[in-house]
> 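Below are the structure tokens for one structure; questions will follow.
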Protein chains: 2
Amino acid sequence: MADVSIRDVAAHAGVSVSTVSNALNRPETVSRRAIGRVLTAIDELGYVPNVAARQLRAGRSNSFGLAVINITNPFFSEVTLGAEEAAEKDGYSILVGNSYDSLDRQNRHLELFELQRVDGVLIAPLEDQPESIERFRNRGVPVVLVDRRDRTGNFSSVWLDDAEGGRLAVNHLVQGGARHVAFMGGPLTVRQMSDRLDGARAAAEAAGVRLTEFGTDTLNPGLGRELGERIVRMPESERPDAIFAANDVLALGVLQSLIGGGLRIPDDIAIIGYDDIEFAAAAIVPLSSVHQPAYDMGAKAAELLMRQLAEPDERFSAQFEPVLTIRASTRS
Amino acid sequence: MADVSIRDVAAHAGVSVSTVSNALNRPETVSRRAIGRVLTAIDELGYVPNVAARQLRAGRSNSFGLAVINITNPFFSEVTLGAEEAAEKDGYSILVGNSYDSLDRQNRHLELFELQRVDGVLIAPLEDQPESIERFRNRGVPVVLVDRRDRTGNFSSVWLDDAEGGRLAVNHLVQGGARHVAFMGGPLTVRQMSDRLDGARAAAEAAGVRLTEFGTDTLNPGLGRELGERIVRMPESERPDAIFAANDVLALGVLQSLIGGGLRIPDDIAIIGYDDIEFAAAAIVPLSSVHQPAYDMGAKAAELLMRQLAEPDERFSAQFEPVLTIRASTRS
DNA sequence: CATAGTGACTGAAACGTTTTACCTAAAACG
DNA sequence: CGTTTTAGGTAAAACGTTTCAGTCACTATG
């Protein structure tokens, strides 16, 4: 049951090695009869091509690397699914590297992609201009920024105007009567976060509304819960009457604390998240959120990568629109 | 900026190709001087070894495949992290295939692993005896079942007695005064689910307590929320006074509906989950749960795989203990 | 009937490593 | 001083593919 190679198949089918290869890769150049024999030989021997050899010869791996900030966040796992399915259509497979919010791990995954000679890289980067990305550019490996706008002209990108998203969120809160909005999220080294904050600031200023910032190092429900408790403990006079959480995972934690602390949503305090993950609609008080088309963004990113592969000198970008999704956690 | 090969490094360093290879892989056989020159050459040229070539020559890929049921579930993403870090210590990297609860996708990922010639497979299988696993066994590629006991003697495995976990959960509910327990979870084709149910049944029977089963096709918060609403709508006489949800992700959805429906936890109805994910402690009512040491299980699985690689004829198994973690959602 | 063209097939080179077997010079030994 | 050992280095084969440049037997063309 050792490895069976193309040579074994050739022998068993009574044809040459090249014919086996051709039967598999350019069947139009091979007679029906030969194809048939090759196919049954493959079947009988249980032949599986060796991608390492193919890749070595071809100089291409037919795979992409996707580095993702934190796949536990359903937003990113949707992005991943979209990218995988789009890539698969064109015969590419995707190596997923989950950074778990750690820059270190992100870099390690990028190194791995380099070793594997992936044909392209999709990355939702943890910091603004990781030099590790440059390495790919220098090697001529196309890179697509996912969920992040390229400002250098060096990369293709799939993005969504997060500042606009921040504005939408805060405007909506203001329309619902908010006078004092809390922004929660971070770290601000992640561009999405700072953009959402910028948008929130702009909207708050335009409306003449107070904005208090609660910076965080990362985004998870536990942290949200802590922040929520801080809000609950605040004297009523100081307490914001609305919260914009930079992501749903955080928002859900906050929401739980607020309710646990006896605050009524949205009457005492309104809350809106970002991403519109499935969990948001299912929350105790269904969570308003700024929707991002995660699956489509992932799929589009893979498509742009393949397009850039075809036209190496071009850069492509696709902008998606944030859409307000109003549920019970805010007044409309 | 085209690809630079070991040949270029050799020329640049003024040594032979073999010396470069030796400097990298068995430095003890090469003089310090030569090593130095090779290293600087590598640095100056930006050489990155080609794994495809290395793999082709070596016949091994130095990588494992890990097929996981649904990585959005923090339990599995912890398992993945554990496996990745354990494997990395020994120079292996891990290809992660997320099945998103789909058998089809799981099989596609397994095929990919086969093409890539992974040196071993870690799998949290979606069904009991996928024939796709057999293929690896036939090829002599070691397979470790993750979060699932092997009953055939063919595979190494890392597991936890889920029946015992189910018993623990229901016993705990009963001790808290429950007379009518609801079990929620599925599908029962996934062994973990049926084992948890079996344990629950046994405990309920032993205690003379009624057990109602709510079968599901999958486990997500939205589904939990639906089930919770069904509970809320039940006439009080029919309504269970305790719930055992087969996993925390489901439990959290259920919990939200219960609270939204005005039931008091745990007075009107107690609820316990399974996995003890981080989110559980942070829930609106902190969720009691059956703890599984996810990270350790992942790490152990990778270790067993490497051990089986060293001793191909042996099979190893590691059993972990489910531990009751009591929080506010149940009476103690 | 000679030539060109075509369809089906094949041998061999090449991809970038690692490793085996071999070589040489210097050191150690008696 | 002659022989053996050792340290350091190298050429070449091999891993399993794909593809280029032929080869060969027909068929179509004039």
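Order of the sequence lines sets the chain letters (A, B, ...), proteins ahead of strands, with each chain counted from 1. The structure presented is a predicted model; accordingly, all values stated were derived computationally and were not measured.
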> So what does A/Asn25 hit on the nucleic acid, given a heavy-atom distance under 4.0 Å: a base, only sugar-phosphate, or nothing?
sugar-phosphate

> Tell me the interatomic distance from B/Leu24, atom CG, to C/dT19, atom P, rounded to whole angstroms.
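My rounded result for the distance is 12 Å.
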
> Would you classify A/Ser18 as touching base, sugar-phosphate or nothing, given that sugar-phosphate means primed atoms plus P, OP1 and OP2, and contacts are heavy atoms under 4.0 Å?
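Touches a base.
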
> Could you state the atom-to-atom distance from CG of A/Leu56 to P of D/dT19 in whole Å?
13 Å

> Classify B/Ser5 by what it touches in the nucleic acid, base, sugar-phosphate, or nothing, heavy-atom distance under 4.0 Å.
sugar-phosphate

> Hey, where does DNA chain C pair up into stems, meaning at least three consecutive Watson-Crick or G-U pairs with distances under 3.5 Å?
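C:1-30 with D:1-30 - these are the stems of 3 or more pairs that involve DNA chain C.
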
> Would you mind classifying the nucleic acid contact of A/Ala34 as base, sugar-phosphate or nothing, using non-hydrogen atoms under 4.0 angstrom?
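A/Ala34: backbone/sugar contact only, no base atoms under 4.0 Å.
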
> Given D/dT17, is OP1 or OP2 found less than 4.0 Å from the side-chain N or O atoms of A/Asn50?
no

> Roughly, in whole Å, what's the span from CZ in A/Arg117 to P in C/dG16?
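My rounded result for the distance is 9 Å.
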
> Could you tell me whether the phosphate oxygens of C/dC9, OP1 or OP2, come under 4.0 Å of any side-chain nitrogen or oxygen in A/Ser16?
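Answer no for this pair, as no side-chain N or O of A/Ser16 is under 4.0 Å from OP1 or OP2.
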
> Rounded off to whole Å, could you give me the CG-to-P distance for the A/Asn22 and D/dA21 pair?
15 Å

> So among A/Gln292, A/Gln319, A/Gln192, which one has a side-chain contact (heavy atoms from CB on, under 4.5 Å) with A/Leu160?
A/Gln292

> Identify the two heavy atoms, one from B/Arg117 and one from B/Ser61, that lie closest to each other, and give their separation to 0.1 Å.
O-OG, 2.9 Å

> Does A/Ser31 place a side-chain N or O at less than 4.0 Å from the phosphate oxygens OP1/OP2 of C/dC9?
yes

> A/Leu115 CG to C/dT17 P: how many Å, rounded?
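Rounded to whole Å, this separation is 11 Å.
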
> How many whole angstroms separate atom CD1 of B/Ile6 from atom P of C/dC15?
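About 14 Å, once rounded to whole Å.
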
> Grab the two heavy atoms, one from B/Ala23 and one from B/Val30, that are nearest each other, plus how far apart they are.
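That closest heavy-atom pairing would be N-CG2, 3.7 Å.
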
> Closest heavy-atom contact between B/Ile69 and B/Leu126?
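Closest heavy-atom pair between B/Ile69 and B/Leu126: CG2-CD2, 4.0 Å.
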
> Taking any heavy-atom pair under 4.0 Å as a contact, classify A/Val17: base, sugar-phosphate, or nothing.
base

> Take atom CG of A/Asn62 and atom P of D/dT18, then tell me their distance rounded to the nearest Å.
11 Å

> Exactly one of A/Glu85, A/Glu84, A/Glu88 should register a salt bridge (charged side-chain N to carboxylate O under 4.0 Å, His left out) with B/Arg105. Which one does?
A/Glu85

> Under 4.0 Å, counting only non-hydrogen atoms across every strand here, what does B/Arg26 touch: a base, just sugar-phosphate, or nothing?
base

> Would you please confirm or rule out a distance under 4.0 Å between OP1 or OP2 of C/dT18 and any side-chain N or O of B/Arg54?
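Checking B/Arg54 against C/dT18: at least one side-chain N or O falls below 4.0 Å of OP1 or OP2.
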
> Taking CZ from B/Arg57 and P from D/dG16, how many angstroms apart are they, rounded to a whole number?
10 Å

> Take B/Glu111 and B/Arg108 through the test salt bridge (Lys or Arg N to Asp or Glu O under 4.0 Å) and record every step on the way to the result.
CA-CA 5 Å; B/Glu111 266 173 42; B/Arg108 245 175 303 147; over 6 Å; no

> One pair to check against salt bridge (Lys or Arg N to Asp or Glu O under 4.0 Å): B/Asp3 and A/Arg139. What are the steps and the verdict?
CA-CA 7 Å; B/Asp3 250 19; A/Arg139 290 178 177 277; 3.6 Å; yes

